[in-house]
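Position 1 is the first residue of the sequence, and the numbers go up from there.
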Amino acid sequence: METGMAKDLSVSQTRSVADAIDLAVSHQLERGLKSRHIQFIALGGAIGTGLFVGSGGILSTVGPAPLFMAYITMIFVVWVVMNDLAEMATYLPLKGSSIPYFVERFVEPSLAFADGWNYWYAYAILVAAEATAGSIVLQYWIEAVPVAAWITVILLVILALNIFAVSRFGEAEFWGTSIKLITITGLVILSIILFFGGGPSHDRLGFHYWTPHNPGAFAPYLASSTTTTTSRFLAYWTATIRAAFAFILSPELLALAAGETVAPRRNLPKAARRYIYRLALFYGLGSLAIGILVPYDDPRLLSPDSNASASPFVIGIQNAGIQGLNHVINAAILTSAWSAGNAFLYSGSRTLYSLSLSHQAPRIFSRTTSRGIPYVAVLATWLVTCLAYLNASNSGARVFTWFSNISTISGFIAWIVAMITYLRFRKAMQGNGLLDTLPYRTPLQPYATYFVLGLVTVLTLTNGFPVFFPANWSVSDFLAAYITLPIFLAPYLGHKIWSRRRGIKRTEESSWKGGFWSFGRKVEDIDVWTGKREMDEMEARDVPPVPRNWVEKAWFWLA
């Protein structure tokens, strides 16, 4: 270590392997993300088309009460997952780190291998889903332009923003997310005004659409023609599963950015704490506003075009007699799709980069530009997002549904693995007497993680339960609900078999200690020390900025 300089460690420097990745400047990521960047990257990934458009489909299926309860449930789930990831990422904010890196280090390599590739294709498919939604919105304005042309424009813009310096990407994401936050804030305020009768007609909405026969808070669901207790519970459960698409893989965005964040031990906890409050504000109030503005039986919610006219916010504004705002909401949805796609391409490329550093992907994906951009990983991930062109020969609604189903279940699996990893990490920290030294600790642990782990596991196993009702049986729907499970198990078991046949002998890298059915390292074998000293020294040399006036003080608090 150079005199007077704290070493900024990369994940490749924590490995005792003979063929370590080149640690030249051209192979190192740049710490160019500030606090406001990572806060808005995480929010940008969370606030996508799931809230603006997808919520309308949930409303029409189950009604406003299950919609609101489902979003509140998922906010709690995301809060726990975010806390788990933030604790690990703040403790070891290594360059090139990712969730699969922590899985390999604290659990075992085969699970990390499957988890890493699961993350990668889920992020790539999410970009394709957002590009599909964005192209639909653009066609709402100009139908003469082929949808493939709009998809090309969207994907090229997203690629350009990810291939430049990471600080420029962060700046673009900051301003793109700012537009979305301003828009959703305006929509929530508008719903409050309409709630109290401040619209052009001065009709006070209140909870009119929640009262019985107007049409009510719950929609009859599945085999029931009335809202029985069973029907209401099944409606809530379905809404929770479907609402997850709006949140899926968004907590990971903050953890993935840890290695490129300025002063990570100061900025990561700050971003994690404020993320959940903002998420509760926008999703909690947003989902409540939707149920206030639109009845669940409005036929426009079931539009097969799946364009901006299907957004419950647009329908509510039209019902209130407000002219012109439909174009504003269209623009917000387009910005939402672009911003979320931007964040997901960033995350997918960093996941592939980290897999390469972990020797679980070809070494070529670890190549970076002189400014620290993993350009090969970015390009490889971007090529997969070209699946969005499926929209050129199929309806946008159908393609969007394919992508959302795949990514949702992949996200559930990723959350399950992340929580298992956190529990192993916590056990190892406790066993080494380091639990009290964690730079960031969150409440209700580990009990909240155990509860959410059980909840998400049940959600994963039951996500396709409606197809088991005789009237709803469909082979295609069954496959869409459960095909991701064997897709995840295949690389997991394949890696174990490959590892055994290769005869890996290094205990610290082998998943074979204990035999084929060994699911993880023993607590005493988990390494929680490597990299700690360097990160502690880097934290000790961090000098937090001091506000010079009340304006800077307010800005530092906000961002």
Side-chain angles (χ1 to χ4, degrees), residues 8-15 17 19-33 37-38 41-42 45 85 88-89 92-105 109 112-127 158-170 173 249 252-261 264 341-385 410 414 417-418 491 531:
D8 194 359
L9 214 61
S10 166
V11 296
S12 57
Q13 292 169 292
T14 67
R15 301 175 182 279
V17 293
D19 54 344
I21 299 296
D22 184 5
L23 298 178
V25 175
S26 62
H27 283 76
Q28 291 294 293
L29 298 179
E30 171 192 5
R31 287 199 185 269
L33 296 178
H37 292 154
I38 59 174
I41 285 171
L85 297 176
M88 293 188 291
L92 290 174
L94 307 171
K95 287 186 175 183
S97 63
S98 66
I99 313 306
Y101 168 75
F102 292 128
V103 176
E104 178 179 1
R105 183 162 171 173
F113 179 80
D115 191 48
W117 287 104
N118 175 62
Y119 268 119
W120 178 70
Y121 75 71
Y123 278 126
I125 290 173
L126 280 169
V127 178
I158 292 175
L159 175 63
L161 288 170
N162 273 268
I163 214 72
F164 289 132
V166 67
S167 58
R168 294 182 184 178
F169 160 81
E173 190 63 17
L249 300 186
E252 287 87 341
L253 296 175
L254 186 143
L256 278 171
E260 297 175 76
T261 300
N342 199 30
F344 290 137
L345 180 58
Y346 169 88
S347 302
S349 63
R350 268 45 177 191
T351 298
L352 186 56
Y353 171 82
S354 185
L355 283 170
S356 180
L357 292 182
S358 304
H359 306 285
Q360 294 178 332
R363 182 175 298 187
I364 189 174
F365 296 122
S366 64
R367 291 184 180 178
T368 63
T369 66
S370 59
R371 306 192 68 175
I373 306 299
Y375 67 96
V376 179
V378 171
L379 289 171
T381 307
W382 182 80
L383 287 175
V384 178
T385 70
S410 295
V417 175

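For Asn162 (side chain) and Ile158 (main-chain N/O), a donor-acceptor pair under 3.5 Å exists by modelled atom type. Gln360 places no side-chain N or O within donor-acceptor distance of the main-chain N or O of Trp117, the cut-off being under 3.5 Å.
Annotation: side chain of Val378 is in contact with side chain of Arg350 (closest heavy-atom distance under 4.5 Å). Contact of the Leu355 side chain with the Phe365 side chain is not registered, since no non-hydrogen atoms from C-beta on lie closer than 4.5 Å. Side-chain atoms of Glu252 and Thr351, non-hydrogen and from C-beta on, never get closer than 4.5 Å to each other.
Partners of Ser349 under the side chain to side chain donor-acceptor pair (under 3.5 Å) rule, at least two apart in sequence or in another chain, do not exist in this structure. Under the side chain to side chain donor-acceptor pair (under 3.5 Å) criterion, Tyr123 pairs with no residue, sequence neighbours left out. For Ala122, the side chain to side chain contact (heavy atoms under 4.5 Å, CB included) partners two or more places apart in sequence, or in a different chain, are Leu249, Ser410.
A pairwise comparison of heavy atoms in Pro491 and Phe113 identifies O-CD2, 3.6 Å as the closest pair. The shortest heavy-atom contact between Asp115 and Ala414 is OD1-CA, 3.9 Å. When all heavy atoms are compared, the tightest approach of Gly341 to Val127 is O-CG2, 3.6 Å. Annotation for Ala380 and Trp120: closest pair O-CZ2, 4.0 Å, computed over non-hydrogen atoms. Across all their heavy atoms, Leu85 and Ala418 have their closest contact at CD2-CB, 3.9 Å.
Taken to the nearest 0.5 Å, the CE atom of Met88 stands 6.0 Å off from the CD1 atom of Ile99. Separation of atoms CG (Leu94) and CZ (Phe102) is listed at 6.5 Å; rounding is to 0.5 Å. In this structure, CG in Leu345 is found 11.5 Å from CG in Leu126, a value given to the nearest 0.5 Å. Atom OH of Tyr121 is separated from atom OG1 of Thr381 by 14.5 Å, given to the nearest 0.5 angstrom.
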